[in-house]
Amino acid sequence: MKIVFMGTPDFAVNPLNALIENGYEVTGVFTQPDKPVGRKAILTPPPVKAVAENAGIPVFQPNSLKDGAGVKILEELNPDIVVVVAYGKILPSDFLHYPKYGCINIHGSILPEYRGAAPIQRCVLNGEKYAGVTSMQMDEGLDTGDMLFVEKTEIGENETSGELFDRLAVMGADLLIKTLKAIENGDVHPKKQDDSKSTYAAMLDKSMCNIDWSNPAAVVHNTIRGLDPWPVAQTTLGGKKLKLFGSRLGCEEGGGKPGEIKLTKNSFSVFCGDGKCVTVNEVQYEGKKRMKALDFFRGYHLEDGTLLQ
RNA sequence: CGCGGAGUAGAGCAGCUUGGUAGCUCGUCGGGCUCAUAACCCGGAGGUCAUGUGGUUCAAAUCCCAUCUCCGCAA
């Protein structure tokens with residue numbers, strides 16, 4: 001079975017490695033063009049590219065697959081199937097139907113819920129109890145193809161998007177192998193998605209990072225862990241930004257105004273709109289390194305009544 | 001040359017403006033109190049103040065210059 005793999009971020013690295021380790025013949029890898037990253041705007045290759053090059057697999061980074069450009073490459077690689085994991089571009093119809101078995105995709109949610117760009121983070125942000133990965137036979141729509149297999153997992157009470165991401169990446173790799181084996185054996189039973197139950201997980205952006213302390217503690221908690229490790233929840237202290245990483249629901253008793261800080265010997269908590277508070281593990285103040293919240297407040301002298309905004 | 005913050009004890013900070021004895025909150029070690037403790041009391045160790053055998057000065061953590069590193073914004 002000749003395979004062409006398409007993927008870009010860390011999430012796609014595990015599935016690609018799984019293909020290689022299981023002895024599949026990967027004849028080519030598609031990934032996004034290198035992009036400038038960081039303060040110095042250094043041109044950085046996507047994570048998938050490094051893995052592919054290490055394995056000696058030809059890498060393609062076309063800007064567009066339209067107008068037959070993608071198919072042209074496929075003609076050379078001659079795959080039986082194309083595996084897509086978080087590639088980041090829409091595949092045109094002629095591309096989708098070129099390989100014998102078409103294109104299959106691993107998506108980071110339990111379809112038809114959370115179609116789209118940021119399913120994992122949206123699950124955490126919404127306080128979902130379960131997350132999962134789905135393999136599907138791709139069609140022209142956005143994550144609308146017929147479902148092949150689904151794996152579910154429980155989301156931890158304090159689990160961050162990043163942690164869930166890592167777990168689902170492993171599950172996604174296993175699911176991919178399972179799906180490929182089933183296809184090879186002709187043992188697949190595609191299932192249509194129930195479009196009426198579909199939801200869309202829009203991409204995250206920095207405009208949603210500022211915490212509204214008048215929300216209930218549970219909502220604030222979900223926001224902090226859902227935006228960790230990117231783009232990171234933030235609030236304002238002394239006119240400067242304070243990023244918050246990792247949280248858990250704290251004390252039950254009320255008594256504080258929203259945004260009021262409660263420091264104890266071994267915890268940093270903030271009161272929310274419902275009178276309960278959220279305990280934050282790590283913070284990063286503007287111009288400072290990320291550090292444990294307690295370390296930060298050992299050096300930052302709070303005045304009474306200071307509120308986070 | 002995109003804008004800005006920062007490097008001082010194991011951790012987090014103050015001190016720099018107006019040069020002149022190394023300070024705070026913790027941790028750590030020893031002792032005390034206590035049924036007990038993450039609590040409290042007493043005491044100790046630990047720093048060439050990022051680097052430059054740099055400049056100014058009687059004297060530099062502090063003023064000037066250069067370099068390195070970390071971080072926020074923007075992309």
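Worth knowing before you read on, the calculation uses all heavy atoms, side chains too, and leaves out hydrogens, waters and symmetry mates. Naming: A, B, ... by sequence-line order, numbering from 1 per chain.
- The distance between atom OH of Tyr285(A) and atom C1' of rG4(B), rounded to the nearest whole Å, is 14 Å.
- Here the C1' atom of nucleotide rG12(B) and the CZ atom of Arg290(A) are 16 Å apart, to the nearest Å.
- rG27(B): no Watson-Crick or G-U partner with both key distances under 3.5 Å is found in any strand.
- Rounded to whole Å, the separation between the P atoms of rA38(B) and rC73(B) comes to 40 Å.
- Ring centroid separation for the pair Phe165(A) and Phe11(A) comes in under the 6.0 Å cut-off.
- Listed candidates were rU25(B), rG72(B), rA6(B). Nearest to the side chain of Arg298(A) is rU25(B).
- Surrounding CG of Asp67(A) are at most 12 heavy atoms belonging to other residues, nucleotides or ligands under 6.0 Å away.
- Remark: Lys89(A) NZ is packed, more than 12 non-hydrogen atoms of other residues, nucleotides or ligands lying under 6.0 Å away.
- Neither OP1 nor OP2 of rC71(B) sits under 4.0 Å from any side-chain N or O of Gln284(A).
- Across rC68(B) and rG31(B), the matching P atoms stand 50 Å from one another, rounded to whole Å.
- Across the strands present, rC3(B) finds its partner in rG72(B); the criterion is a Watson-Crick or G-U wobble pair with both atom distances under 3.5 angstrom.
- When both pairing distances are held under 3.5 Å, rA60(B) makes no Watson-Crick or G-U pair with any nucleotide shown.
- You'll find that the side chain of Asp295(A) is closest to rG12(B), out of rC73(B), rG12(B), rC70(B).
- Between rA45(B) and rC40(B), the distance separating the two P atoms is 22 Å to the nearest Å.
- Whole-Å rounding puts the Leu263(A) CG to rG12(B) C1' distance at 13 Å.
- One finds a salt bridge joining Arg290(A) and Glu282(A) here, because a Lys/Arg side-chain nitrogen approaches an Asp/Glu carboxylate oxygen to under 4.0 Å.
- Checked against rC70(B), rG72(B), rG12(B), the side chain of Met291(A) finds its nearest nucleotide in rG12(B).
- rC65(B) and rA75(B) have their C1' atoms separated by 32 Å, given to the nearest Å.
- Rounded to whole Å, atom P of rG72(B) lies 5 Å from atom NZ of Lys243(A).
- When both distances must be under 3.5 Å, the Watson-Crick or G-U wobble mate of rC40(B) is rG32(B).
- The same atom, C1', is picked in rU28(B) and in rG12(B); the two are 16 Å apart, to the nearest Å.
- Between Glu163(A) and Arg225(A), no side-chain nitrogen of the basic residue sits less than 4.0 Å from a carboxylate oxygen of the acidic one, so the salt-bridge criterion is not met.
- Straight-line distance between the P atoms of rC29(B) and rA66(B): roughly 45 Å, to the nearest whole Å.
- Remark: P of rG12(B) and NZ of Lys288(A) are 9 Å apart, rounded to the nearest angstrom.
- The separation of rG4(B) from rU51(B), taken at their P atoms, amounts to 26 Å, rounded to a whole angstrom.
- Of the side-chain N and O atoms in Lys240(A), none sit less than 4.0 angstrom from OP1 or OP2 of rG4(B).
- The CD atom of Glu286(A) sits 12 Å away from the C1' atom of rC3(B) (whole-angstrom rounding).
- For rA50(B), the paired nucleotide is rU67(B), the pair qualifying as Watson-Crick or G-U wobble because both relevant distances are below 3.5 Å.
- Only one option out of Asp195(A), Thr134(A), Asp143(A) pairs with Arg115(A) in a side-chain hydrogen bond (donor to acceptor under 3.5 Å, both in side chains); it is Asp195(A).
- Here Lys206(A) lies in heavy-atom contact (under 4.0 Å) with sugar-phosphate atoms only.
- When heavy atoms are screened at a 4.0 angstrom cut-off, Lys292(A) is found touching no nucleic acid atom at all.
- The CZ-C1' distance, from Phe296(A) to rC70(B), rounds to 16 Å in whole Å.
- Under a 4.0 Å N-O distance rule, the pair Lys49(A)/Asp34(A) qualifies as a salt bridge.
- Here, rC24(B) and rA14(B) have their C1' atoms 7 Å apart, quoted to the whole Å.
- Separating the CZ atom of Phe297(A) from the P atom of rC13(B) is a distance of 12 Å, rounded to the nearest angstrom.
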